[in-house]
Structures are given as C-alpha cells and as structure tokens.
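We count ligands from 1, going down the list as the structure has it; atoms in each ligand are counted the same way.
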Amino acid sequence: MKLKQSDPQVFKIIKKEERRQQSKLSMIPSENFFSIAVREAVGSVFMHKYAEGNINARYYEGNQHVDELESLAINRIKKLFKLPGDWDVNVQALAGSNANLSVYLAVLSPGDTMMGMYLPDGGHLSHGWSYDTDKKPDPDNPVYLGGKKKVNITSKIFKTVQYKTNPETQVFDYKEIEKIANKYKPNLIITGGTAYPREIDYKRMKTIAKKVGALYMADIAHEAGLIAAGVNRSPVGIADIVTMTTHKTLRSGRGAIILAHKDIIKKINRAVLPGLQGGPFNNNIAGITVGIGEALKPSFKMYAKQVVKNAKYMAGELKKYGFELVSGGTDKHLILINLTGKGIFGKYLARALDIAGIVANMNTIPGEQRSPADPSGLRLGTPTLTTRGMKEKEMKIIAGWIAEVTEIAKKYTQLDFEKFQQKVKNDGRIKEICRGVISLCRHFPFKD
Ligand code: DSN
C-alpha cells in the first residue's frame, strides 16, 4: 500500500515539507536538493540488506549486489576525485562525524593530540571541541587548548589544540599554525570546517604536518562538490587522509566518503567496522553512487562554477548594503556575515529571514564573544539556489531582500523573541517580500 493510504499522517507532513522546500529560498550552505534518481536509489530495496564487512568479505550471505554496488561507487569516486593509484576509498561511514571518528580510531590512540581549527572561527565539533562556561574566550590568544565541558567525544578521548584565524584578515595564518604545531607536536592536524569561506593551502598544511611528524587530514565536507568539479583546489594526494560528506555541494544524498593511501584505508575500514558501526546503509551508498555519477557529467562542473559565481556575486551585493563579511568575501559556496554593528544579531535575523521565506542559519564569527545560541553572525550559501537554476540576477534580488529584512527586523530587537516574531510576521513589507520569494521560487521550481 502506498504511504498516502497506509499512513496519511506522515504523508501529509512530508507534503508540507515538500511545499516548504519548494516555496522558500534555502540558503543553508550545508544543504542541497538531490535528483529524483538519487532519492529513488536511497528509497530502494538496498535498505533491507545487512552487509557488514567489505567487498567480497562480508559476514552475511546474499551480498552479491551490494558488492557490485559498492565497487561501482568506489570506482566512480576514484574517477571523480582523481585518486592516485595507491589510494583507496571507504564509502561506509554513515555521516561526516562518523567518518572523522573512524579516522581517529584508525590512526590515533587515546591521549594523543589532535590539532584542528577553533570551532567559533569556523571549525567543526568533531575536530576536538570543548569549552568553558565560566570563562570568556580570549580573542588575543591564537591558540585554544579546550575547556572543561568536553561536549564532543573527541575532546573526551584526545588532547585538543585549536588554531584560530588571523584576527585582522580572518583567514588562516600559516606561520602561526606552524608555530602552534611546533609547540604542541600534535599527532594529527586537521583542516576544514563549517564556516570558513576561503580556500585552504593544503600543500602548506601538509608541509607543517610533515615537519612535526603529524598526519594531515583534510575534511572537505563543505567544498567536496567544488573540489570534484575543479572549482576549488584539491587536497587529494597531498593530505594523508581526506574526509567528506556527500550531501552538501557534492549533491549525492546523505553519507560520507574517506580517501587515503591504501595502507591507511585498510586501518580505516577496520575502524568503521567493527570499530564504530554495524552494517552500512547500502541504500545511502546507492544514492551516493547515483549522485557521483551525476557529478561526473559536464553539467556538474557548470553547476559548481555557478555556485561560486553566485556566492561571490551575492557577497558583493551584500557589501554594497553595508554588511561586513568575514574575510571580506568568499572563494566558495558560503558567506559569513559579521552582524556586529548592524543592530541585530544572528538568532533574531535568522528567524526574521525565515519568516520572510529566506532560510539561513545563525553562526559564530571569528573572535566570537557571544553565546552560540545567539551569536554575532549569519551564514548563507548558494548550493540549493543554484540547483534550482538561479543566477546572478536572482542573487541581486535576494541580497536586496536580506538587506530590507535586516532593516525591518532590527527595529524590534528590544522585544523578547516571541513578540519579535509576531512583529516581523505582521509587518506589511515582510509579507510582500514573502510573496516575492514564493513567486521567485515558482519561476525556479526544483525539478528532478
Ligand atoms: N551541520 C553541518 C553544517 O551545517 O555545516 C556541519 O556538520
């Protein structure tokens, strides 16, 4: 029986979510819309099968076609990321954090030191986050050695050292990173994160890691699609290990990929299973295989180029409206706005934009002094808008709306959050913008 008949309650909720996605502008840079082919593969009968183990070495019988599928996935990934002959692939980690944890389990021992980017400057929780509730962060210290609240498992197990971006330029300060690495002698150095709008010099990072005897892991979750398309530079063959999620700019359904030299991948495979997970989600691997197949087509290169063009164009427009952008702009798909001095902070602005139909997220900024629950920044991205076919002309319109919503919303920031939302909802111009968003979305429907 079809879902509509068997469970109308869930069916209705899904339909509402479909309508929300179609009628709002999704600007969360870690999200994307996948093709019907990817979604069909994810919903396929592969979800019924257990397949612990690796190709031709499974613990259960009946994995002939799972093996065929995973081999195809790995071959396509090798082609897309131009893997050196002595590198290999793991496509079984269920998500980006699991992929990272698998790497740590494979190459580190408890008590070892990992060195990643400071989370408020744009790093990721799984790169060793912990904090203090009773101490304000020290913006003058270029290194952060963690706090008492070990909120991520990485900081419970490993010693963590976090490098910050340069306070003036808000980009990586490689000399400072080298000094920190020399001082703390980490076992693993990590780059990548969630809110760093600039490209990373992977060669330089590998040189630093090599000098101190550390392994180097590049987490390219955000920019994987841009790297695959050759729009951003690639760490493959430079870093020792590359991890990524598949559902952001790579547009291949949810999951993760780990790339490394064959000898390291063998250890990582054992870390994924039996170390961390049970059976892989074969249906997600089917989605990833289809998505990677799409990414191998010339049209994906065009898509990735346009994602960056759109982000750069929007960054320029936002600057014209007086928005201060972290690092002054972007090389990628994401923009981080520093709202300090704008009269409104991340939590209120993100909600006001959502009411107007523009979905973004509040975010910390480098040197953040406010709470992550109401930080100083707003993060925006162009992957989903570009999937819908939008270009510079639409970016201009949307930047104008963002500026208008900001001006309207900041009049109400003295109110508590509930009253603030009511005021924004009832504002006549916000209602007009909302209608404008719906009409723009209708012109650029998400087509499979
Ligand atoms: N949640 C992802 C992001 O939004 O960047 C990172 O894991």
| said: My understanding is that only residues two or more places apart in sequence, or in another chain, count here; which of them pass side-chain contact (heavy atoms from CB on, under 4.5 Å) with Tyr50? | reply: Glu52, Tyr60

Please tabulate, one line per pair, the protein nitrogen or oxygen atoms found under 3.5 angstrom from a nitrogen or oxygen of ligand 1, with distances to 0.1 Å, or say none if there are no such pairs.
from	atom 1	to	atom 2	distance (Å)
ligand 1	4 (O)	Ser30	OG	2.6
ligand 1	4 (O)	Arg379	NH2	2.8
ligand 1	5 (O)	His222	NE2	2.7
ligand 1	5 (O)	Arg379	NH1	3.0
ligand 1	7 (O)	His124	NE2	2.9

| Sidechain N-carboxylate O distance under 4.0 Å for Arg204, Asp201 | no

| said: Check for me whether the distance between the ring centres of Phe172 and Tyr163 falls short of 6.0 Å. | reply: yes

Contacts under 3.5 angstrom, residues 392-402 side chains, donor-acceptor by atom type, not counting sequence neighbours:
from	atom 1	to	atom 2	distance (Å)
Glu392	OE1	Gln306	NE2	3.1
Glu394	OE1	Lys391	N	2.7

| side-chain hydrogen bond (donor to acceptor under 3.5 Å, both in side chains) pairs, two or more places apart, involving residues 226-239 | none

| Phe158 and its side chain to side chain contact (heavy atoms under 4.5 Å, CB included) partner, picked from Thr113, Asn187, Leu108, Ile153 | Leu108

